[in-house]
Amino acid sequence: MKKKGNFKGTRNIAHSLQIGRAIIMGLILEYEGKEFLFKKYRIPMLEYRLVRSREEAEKAIDELGAPVAVKAQILSGGRGKMGLVKFSRTKEEALANYDEITSREFDGRPINLVVIEAGADIKQEVFVSMVFDNTGNIVVLFSAEGGVEIEKLAEEEPEKISRFVVPFDDEIYPYMFAAGVGKQGFTGKVKMKIATIIATLVKMMVKEDLQLAEINPLIITNSNDVVAIDSRIGIDEDAMFRHPEREEWLSAELRDTPAEKDAHEHGLAYVDLGGDIGMLSCGAGMGMATADLIEYYGGEPRNFLDVGGGASPEKVENALRVMVSEGGLKSILINAFGGITRLDDVAKGIIEAKKKYNIDIPMVIRLNGTNQEEGVALLKEAGMEAYLSMEDSVEKAVKLAKGEN
Amino acid sequence: MKKKGNFKGTRNIAHSLQIGRAIIMGLILEYEGKEFLFKKYRIPMLEYRLVRSREEAEKAIDELGAPVAVKAQILSGGRGKMGLVKFSRTKEEALANYDEITSREFDGRPINLVVIEAGADIKQEVFVSMVFDNTGNIVVLFSAEGGVEIEKLAEEEPEKISRFVVPFDDEIYPYMFAAGVGKQGFTGKVKMKIATIIATLVKMMVKEDLQLAEINPLIITNSNDVVAIDSRIGIDEDAMFRHPEREEWLSAELRDTPAEKDAHEHGLAYVDLGGDIGMLSCGAGMGMATADLIEYYGGEPRNFLDVGGGASPEKVENALRVMVSEGGLKSILINAFGGITRLDDVAKGIIEAKKKYNIDIPMVIRLNGTNQEEGVALLKEAGMEAYLSMEDSVEKAVKLAKGEN
Amino acid sequence: MAILLNKDTKVIVQGITGFQGLFHAKKMRDYGTQVVGGVTPGKGGTEIEGFKVWDSVAEAVEATGANATCIFVPAKFAKSAAYEAIDAGVELVVLITEGIPKIDTMSIVKRANKKGSTLIGPNCPGLITPGQAKIGIIPTNIVKPGKIGVVSRSGTLTYEVLEQLSNAGLGQSTCVGIGGDPYKQTNFVQVLKLFQEDPETEKIVMLGEIGGNAEELAAEFIKEHVTKPVVGYIAGKTAKPGKTMGHAGAIIQGGKGTADSKIKTLESVGVKTVNRISEIPDLLK
Amino acid sequence: MAILLNKDTKVIVQGITGFQGLFHAKKMRDYGTQVVGGVTPGKGGTEIEGFKVWDSVAEAVEATGANATCIFVPAKFAKSAAYEAIDAGVELVVLITEGIPKIDTMSIVKRANKKGSTLIGPNCPGLITPGQAKIGIIPTNIVKPGKIGVVSRSGTLTYEVLEQLSNAGLGQSTCVGIGGDPYKQTNFVQVLKLFQEDPETEKIVMLGEIGGNAEELAAEFIKEHVTKPVVGYIAGKTAKPGKTMGHAGAIIQGGKGTADSKIKTLESVGVKTVNRISEIPDLLK
């Protein structure tokens with residue numbers, strides 16, 4: 001994860017390409033949510049073990065005793081549907097499930113982090129999830145019908161979901177959620193236990209710089225305990241300086257692909273988009289607009305790669321190195337508008353990278369703005385040309401990718 | 001210290017007799033303020049050691065190296081004037097000062113807790129002190145002229161004291177104090193260091209449930225460090241449930257006399273007032289009014305001793321035990337108004353105590369209100385009489401104390 | 001009419017399943033107060049001695065239309081309980097609990113101010129409108145209906161005064177125990193204003209104490225706004241001046257807060273003060 | 001006239017002794033902006049490149065009468081810096097810093113609302129009134145005075161648009177970069193209102209992005225209150241829908257926030273939208 005503190009960077013907007021700017025966050029693993037947050041805030045849980053090998057899995061199953069749940073640790077919801085959470089009545093079944101899950105991949109990586117969790121005595125499954133809205137409130141949804149079809153329930157039977165809106169800077173107490181939980185049919189101790197867990201999650205949202213806190217399912221046992229079976233937590237990556245230990249969490253490694261990680265370490269924003277036109281922009285908004293224009297002309301961007309405003313030659317060079325390291329490129333488009341950025345610096349970076357990494361993929365360069373003449377002159381010297389217009393350069397890059405000329 | 005959580009007690013009002021209800025607090029030792037609060041909040045200090053014997057003192061002086069300050073740990077300000085803080089240029093001088101200080105008494109107890117503190121390189125002494133006002137603000141006073149004559153300075157040259165008023169629930173930052181500290185002649189790094197220490201103290205006031213936070217002197221060294229030499233902290237005793245470790249602090253022992261401690265442990269309010277009429281009231285306001293009336297009739301109350309409303313026979317019995325344990329009584333006045341209190345219970349307690357502790361000091365009893373007849377009957381059986389009017393009973397008790405009849 | 005509280009006030013008791021809460025809920029009901037139920041989180045849906053119990057104030061208010069609450073919960077939970085009542089829109093919040101941390105009380109007062117609740121207490125005996133209703137713990141056998149408004153910082157002392165008034169044939173319109181803690185929303189000034197506006201109150205008794213500046217503020221208010229006769233008493237003449245309040249405390253407090261200075265200030269605005277409580281009834285006749 | 005900023009605005013720079021702060025302070029001054037000094041705590045009383053430095057905003061404001069600030073401090077200290085400006089009564093607070101924790105931004109917005117400061121940003125390039133003054137980092141060589149109001153969520157994209165406008169002979173009244181973070185005080189609606197009221201602004205360009213509902217709110221506002229022509233562009237058509245926002249996020253967000261839905265909503269209230277930036281100038285002629 002890149003160092004914070006520079007005042008004008010580009011990381012956020014890279015994420016925004018994936019999820020829209022409204023909610024920018026880094027998911028963490030179920031295990032991390034439980035181990036590093038739920039434990040600290042005393043949210044009731046079942047016993048569990050994180051295991052990284054078959055031996056550890058077997059030991060955990062023996063210690064906890066069947067039945068157990070075998071749960072893949074990946075950065076995604078919907079694990080049940082994917083068959084990555086499996087309830088297992090016997091030790092044998094649990095080991096078989098472990099073997100099956102760890103034989104699979106997710107997001108291009110092998111699954112080798114698994115949680116073994118003690119079996120639960122479930123009377124009812126309920127659901128709680130919360131995010132911030134855009135006006136500084138925490139919006140909490142609670143339903144007595146837990147499970148995975150929550151979006152459908154919200155659409156079809158909205159009255160089955162209680163919604164609470166809490167200003168982010170209010171003090172939080174369980175009473176605030178009691179009536180709403182009551183409306184879903186709970187009373188007395190169970191109601192107050194649920195309200196207390198909701199209040200705790202809301203407090204965590206602020207104190208722990210979270211962007212998402214969800215428990216689905218939260219279960220009510222036959223002895224009326226209320227226990228968190230899952231944890232789905234998104235953290236605010238901009239708040240990492242307040243939680244430096246999170247840099248060491250397993251999820252920090254899993255969140256980025258190797259190319260993304262490489263890019264972030266060099267202060268670049270990188271998102272894999274899956275096409276075949278390598279795209280480099282100076283500035284994130286420009287990057288989005290460039291990607292849109294590539295599609296407008298019928299092409300497909302391979303990535304979103306942004307060096308930000310005022311990039312140095314080294315940054316441009318690194319960006320190109322990251323770009324070509326991924327392979328599969330049919331053309332490269334460099335769209336540099338020189339406002340703060342000096343175009344001679346951009347040109348220097350391009351020339352250096354081309355030489356150093358032997359880049360022979362067709363390259364289209366657009367330079368317009370500050371120190372344009374100097375930049376164009378440098379490129380010319382190195383045998384390259386530059387476009388002035390963004391549209392023209394994009395059109396050309398798309399043609400090249402299609403093998404046209 | 002008595003257990004909290006009962007909804008109607010009397011402890012506060014006992015303190016209010018001494019200090020007025022506006023500011024109710026328990027002072028802690030300089031050492032405790034530094035060790036348990038300043039260290040946690042990283043307020044710069046000199047090195048120091050708490051010592052309890054001459055051997056420990058000698059070791060500390062050797063470790064710190066002369067010059068050192070030798071400082072008695074007592075629950076009071078003004079130690080300098082009392083000769084209980086002594087700067088010592090050599091080891092010999094320091095040991096002599098240690099011997100002198102520990103040969104003395106304060107508040108009826110030997111002084112055996114001493115801090116040895118490293119010598120300071122003082123360019124300037126400044127002063128900061130803060131309390132809550134009655135409207136939910138923290139009022140901070142700061143002056144560039146530290147030392148002990150602050151009240152005089154406030155009167156004669158008020159412009160030399162900067163005053164800040166901060167709402168208790170605001171977020172606190174150093175910038176809030178920068179301009180005010182600047183007005184006292186500071187600039188740049190020293191100004192911001194002072195402002196940061198003030199901000200830290202204000203935060204402590206709220207987070208640590210303090211009622212008073214004072215550093216006098218806060219010093220500026222020749223290398224422009226800003227260092228706390230003293231700490232004078234008052235805690236909110238009502239907030240003890242949030243800071244249970246404070247029950248174990250040395251100051252918790254020192255704060256009460258043995259009789260006060262005994263009383264508090266039995267849920268009674270006790271304050272030594274120094275006269276010769278033992279006074280027991282059912283309710284604190286009544287206690288104050290009774291003490292006033294004793295003085296009105298020319299007597300002097302020995303104590304303020306309150307069993308509260310609705311006291312049991314055992315509580316009354318214990319109260320009388322505490323009262324007579326102190327000695328020096330010429331008469332005893334029991335003023336019981338029966339609102340919630342049942343007067344037969346009061347009578348039972350009196351009778352039991354008189355028997356158990358062989359109390360033969362002349363006793364004046366006033367019973368008026370709930371179950372009055374039953375109470376009077378019980379007393380009569382035991383050979384005692386009761387007054388109906390508060391005034392009459394007080395007048396009688398004063399006469400008895402003066403040896404009249 | 002009386003002030004703050006009458007026979008139509010609908011009261012809930014927070015902490016009703018606790019010993020004190022239940023004891024006094026019954027006493028209030030016995031006196032004729034409309035106690036419409038109580039709140040104990042986790043015991044919602046049950047009933048105790050004829051009182052319905054809810055898990056939260058919001059639910060109790062929704063079900064009963066309660067507009068007043070009497071809080072008997074321990075100090076540790078008092079802040080949450082008071083917040084809950086304030087958030088539920090309860091108009092009159094009477095906080096009996098004593099020993100609440102100062103910061104918590106300040107927070108409660110701030111929230112009550114913001115949301116428009118009237119907060120009596122903490123560390124107070126509550127209030128009573130003789131012949132109609134009471135909220136809190138003031139004994140009912142010592143009051144009688146009448147035209148004297150009583151406001152007091154002290155608990156038990158008030159009872160003594162009430163009994164002497166009643167014995168002297170001086171009934172009370174309403175008696176408000178504002179409580180002994182330094183931080184509060186409803187202080188002398190607020191109650192004096194209500195008594196001044198209340199047509200049924202003819203004269204006022206004000207029981208003060210040493211410390212703080214509530215009596216001084218009351219004197220200012222009386223000078224400007226109170227035309228009804230006021231009799232005052234200040235407890236604590238015997239008290240020694242404080243030593244532990246620090247330089248800031250001493251400088252801010254100045255010479256104020258002693259019994260003598262309070263008595264002088266009150267006398268200067270026409271309040272008759274007495275040295276002995278027994279003198280009060282005569283001054284009201 | 002222009003909006004928010006003109007040649008009389010007195011600007012201080014917070015973080016002026018830092019590399020970026022000083023660099024852009026000089027650029028602002030070079031453009032004719034009245035940069036009356038800067039703030040770096042601990043460096044008060046010094047001077048840097050002709051700029052006086054104070055320890056706090058309050059002191060700088062007292063000495064200079066500054067009514068605007070440009071904040072360049074690192075994300076970790078941005079909240080305190082913004083609070084400081086707001087508390088000192090600075091009318092226009094431009095927060096350039098990016099990467100500020102969401103909770104901190106919410107706190108800043110709340111304080112600005114409460115105390116009446118206008119907050120631009122965070123994570124924004126600032127604003128420029130061509131020919132008069134600029135606060136922030138927008139390049140000055142690509143703008144020229146005129147009658148087009150520009151408001152944008154994106155930084156560098158704005159520069160591209162400004163240059164194309166200027167090259168086409170379409171000068172700008174004011175250009176406001178409102179910044180890319182989801183939480184902000186000054187959003188499209190606030191700036192559109194100012195442009196609508198500004199007699200010197202004749203037409204408006206609005207540069208939006210996927211995510212959130214700022215463009216949808218702008219459309220609502222335009223429908224009711226904006227009579228001047230508006231041209232819009234939404235970046236991010238290529239973007240894939242998010243997967244990490246959780247059930248609550250998905251349910252609250254619903255189907256909104258995509259480029260297509262934003263474009264549709266804007267078109268429905270009469271905003272002309274374009275697929276390519278190069279089409280913008282023609283629509284304004």
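No hydrogens, no waters, no symmetry mates; every other heavy atom, side chains included, goes into these values.
The distance from atom CE of B/Met288 to atom CG of C/Leu157, rounded to the nearest 0.5 Å, is 9.0 Å. Atom-to-atom distance recorded for C/Ser278:OG and B/Leu293:CG is 7.5 Å, nearest 0.5 angstrom. Rounded to the nearest 0.5 Å, atoms CG (C/Asn187) and OG1 (B/Thr135) are 11.5 Å apart. Separating the CD atom in C/Glu279 from the CD atom in B/Glu391 is a distance of 7.5 Å, to the nearest 0.5 Å. The CZ atom of B/Phe337 sits 9.5 Å away from atom OG1 of C/Thr156, with the distance rounded to the nearest 0.5 Å. Rounding to the nearest 0.5 angstrom, the gap separating the NZ atom in C/Lys102 from the CG atom in B/Asp209 is 9.0 Å.
Annotation for C/Pro182 and B/Asn134: closest pair CB-OD1, 3.9 Å, computed over non-hydrogen atoms. Taking every heavy atom of both residues into account, C/Lys110 and B/Phe168 meet most closely at CD-CE2, 4.1 Å. Of all heavy-atom pairs between C/Ala235 and B/Ala289, the closest is CB-N, 4.3 Å. Looking at every heavy atom in both residues, B/Gly285 comes nearest to C/Ser154 through CA-OG, 3.1 Å. Closest approach of C/Asn275 to B/Tyr296, counting heavy atoms only: CB-CE1, 3.7 Å.
Residues satisfying the ring pair (Phe, Tyr, Trp, His ring centres under 6.0 Å) test with C/Phe221, not counting sequence neighbours, are C/His225. Considering only residues two or more places apart in sequence or on other chains, C/Asp30 meets the salt bridge (charged side-chain N to carboxylate O under 4.0 Å, His left out) condition with none of them.
Panel note: side chain B/Asp292, backbone C/Gly236; a donor-acceptor pair is recorded below 3.5 Å.
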Candidate pair B/Phe132 and C/Met106, rule side-chain contact (heavy atoms from CB on, under 4.5 Å), full reasoning: CA-CA 10 Å; B/Phe132 288 99; C/Met106 286 186 241; 3.4 Å; yes

CA sep, side-chain torsions, deciding dist, call: B/Asp238, C/Lys76, salt bridge (Lys or Arg N to Asp or Glu O under 4.0 Å): CA-CA 9 Å; B/Asp238 285 332; C/Lys76 200 169 170 173; over 6 Å; no

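Of all the listed residues (B/Glu295, B/Met286, B/Met205), the one sharing the greatest number of non-hydrogen pairs under 4.5 Å with chain C is B/Met286. Among B/Arg242, B/Glu300, B/Glu155, the residue with the largest count of heavy-atom pairs under 4.5 Å with chain C is B/Arg242.
Contact annotation for C/Tyr233: only side-chain heavy atoms (C-beta onward) come within less than 4.5 Å of a heavy atom of chain B. Residue C/Pro139 touches chain B through its side chain alone, counting heavy-atom pairs closer than 4.5 Å. Of the two parts of B/Tyr297, only the side chain, counted from C-beta on, holds a non-hydrogen atom closer than 4.5 Å to a non-hydrogen atom of chain C. Heavy atoms of C/Thr140 lying under 4.5 Å from chain B are absent altogether. When heavy atoms are compared at a cutoff of 4.5 Å, C/Ile138 does not approach chain B at all. Heavy atoms of C/Ile142 lying under 4.5 Å from chain B belong exclusively to its side chain.
For B/Lys207, the NZ atom counts as loosely surrounded, since its 6.0 Å shell holds 12 or fewer non-hydrogen atoms of other residues, nucleotides or ligands. Under a cut-off of 6.0 angstrom, the local environment of CD in B/Glu373 is sparse, with at most 12 non-hydrogen atoms contributed by other residues, nucleotides or ligands. For B/Glu157, the CD atom sits in a packed shell: over 12 heavy atoms of surrounding residues, nucleotides or ligands are nearer than 6.0 Å. Surrounding NZ of B/Lys203 are more than 12 heavy atoms belonging to other residues, nucleotides or ligands, all under 6.0 Å away.
Classification of C/Glu160 and B/Arg366 as a salt-bridged pair holds, one side-chain N sitting under 4.0 Å from a carboxylate O.
Between C/Asn141 and B/Thr370 the shortest side-chain heavy-atom distance falls below 4.5 Å.
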